[in-house]
Amino acid sequence: MKKDQEISEKSKEALNQMWRNGCINDTYEPGSVFKLITASSSLEEKTDTLDSTFFCNGFIRDIPGVTLRCFNWQNPHGKETFTEALDNSCNPAFVQMVRHLGKEKFYRYINGFGFGNKTGINLPGESNGKIPKSLSDIGAAELATMSYGHGISVTPIQMIMAANAVVNGGDLLEPQINVKKVE
């Protein structure tokens with residue numbers, strides 16, 4: 001290829017940005033939105049129910065070398081129901097939920113909801129996101145923080161696809177693009 005035909009790195013980056021689709025290319029740490037996955041997995045496995053209760057003293061301190069806290073650590077939630085834990089977006093409650101569920105089941109659900117894999121939307125540049133490669137990569141701290149969406153990364157389309165499965169009876173539907181007309 002001749003010098004004048006080569007695309008400069010700057011030009012490649014400009015083209016990449018122009019055609020970039022953040023919904024499928026970019027990943028982010030989902031945070032509290034991911035609590036939907038933890039809660040639905042817990043209910044599906046019946047390791048917790050809507051009648052389950054949790055206790056929030058503001059912190060999780062039983063993991064050696066790690067202190068995790070509720071966003072409301074200065075005014076802890078105390079005893080709360082499953083629904084209240086969802087309403088309060090209480091990190092300690094979700095850590096308790098995932099511990100009841102266990103890392104094996106939780107990891108199976110994370111994979112089952114499609115995280116760590118492309119969705120099949122058939123658009124170029126889709127990212128897989130990032131989840132632990134295996135169960136052995138999930139220690140006590142990782143399991144705890146994953147319960148409330150930290151330590152993993154997802155694409156927006158993955159999160160939408162998983163949330164859709166929660167509300168439609170558990171069917172993980174492949175996203176599609178339908179074009180009626182091109183002008």
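Here the CD1 atom belonging to Ile160 is positioned 6.5 Å from the SG atom belonging to Cys23, to the nearest 0.5 angstrom. Here Thr145 contributes atom OG1 and Phe94 contributes atom CZ; the two are 14.5 Å apart, rounded to the nearest 0.5 Å. Taking CG of Leu143 as the reference point, atom OH of Tyr107 lies at 12.5 Å (rounded to 0.5 Å).
Residues Leu135 and Met146 fall within the same hydrophobic cluster, defined by Ile, Leu, Val, Met, Phe, Trp and Tyr side chains chained together at heavy-atom separations under 4.5 Å. Hydrophobic clustering, with ILVMFWY side chains joined whenever heavy atoms are under 4.5 angstrom apart, keeps Met161 apart from Ile157. Taking hydrophobic clusters as Ile, Leu, Val, Met, Phe, Trp and Tyr residues chained together by side-chain heavy-atom distances below 4.5 Å, Val166 shares a cluster with Ile110. Hydrophobic clustering, with ILVMFWY side chains joined whenever heavy atoms are under 4.5 angstrom apart, keeps Val95 apart from Phe34. Val33 and Leu36 fall within the same hydrophobic cluster, where Ile, Leu, Val, Met, Phe, Trp and Tyr residues are linked whenever their side-chain heavy atoms come under 4.5 Å apart, directly or through other members.
Side-chain contact, Thr119 with Glu126: a donor N or O sits under 3.5 Å from an acceptor N or O. In this model, a donor atom of one side chain and an acceptor atom of the other lie less than 3.5 Å apart for Tyr109 and Glu45.
Ring pair Tyr148/His150 is perpendicular by interplanar angle, where above 60° counts as perpendicular and below 30° as parallel.
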- Task: Just do the side chain to side chain contact (heavy atoms under 4.5 Å, CB included) check on Asn25 and Thr155 with the steps written out, would you?
- Result: CA-CA 7 Å; Asn25 301 132; Thr155 63; over 6 Å; no

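The nearest pair of heavy atoms linking Asn91 to Phe71 is ND2-N, 4.5 Å.
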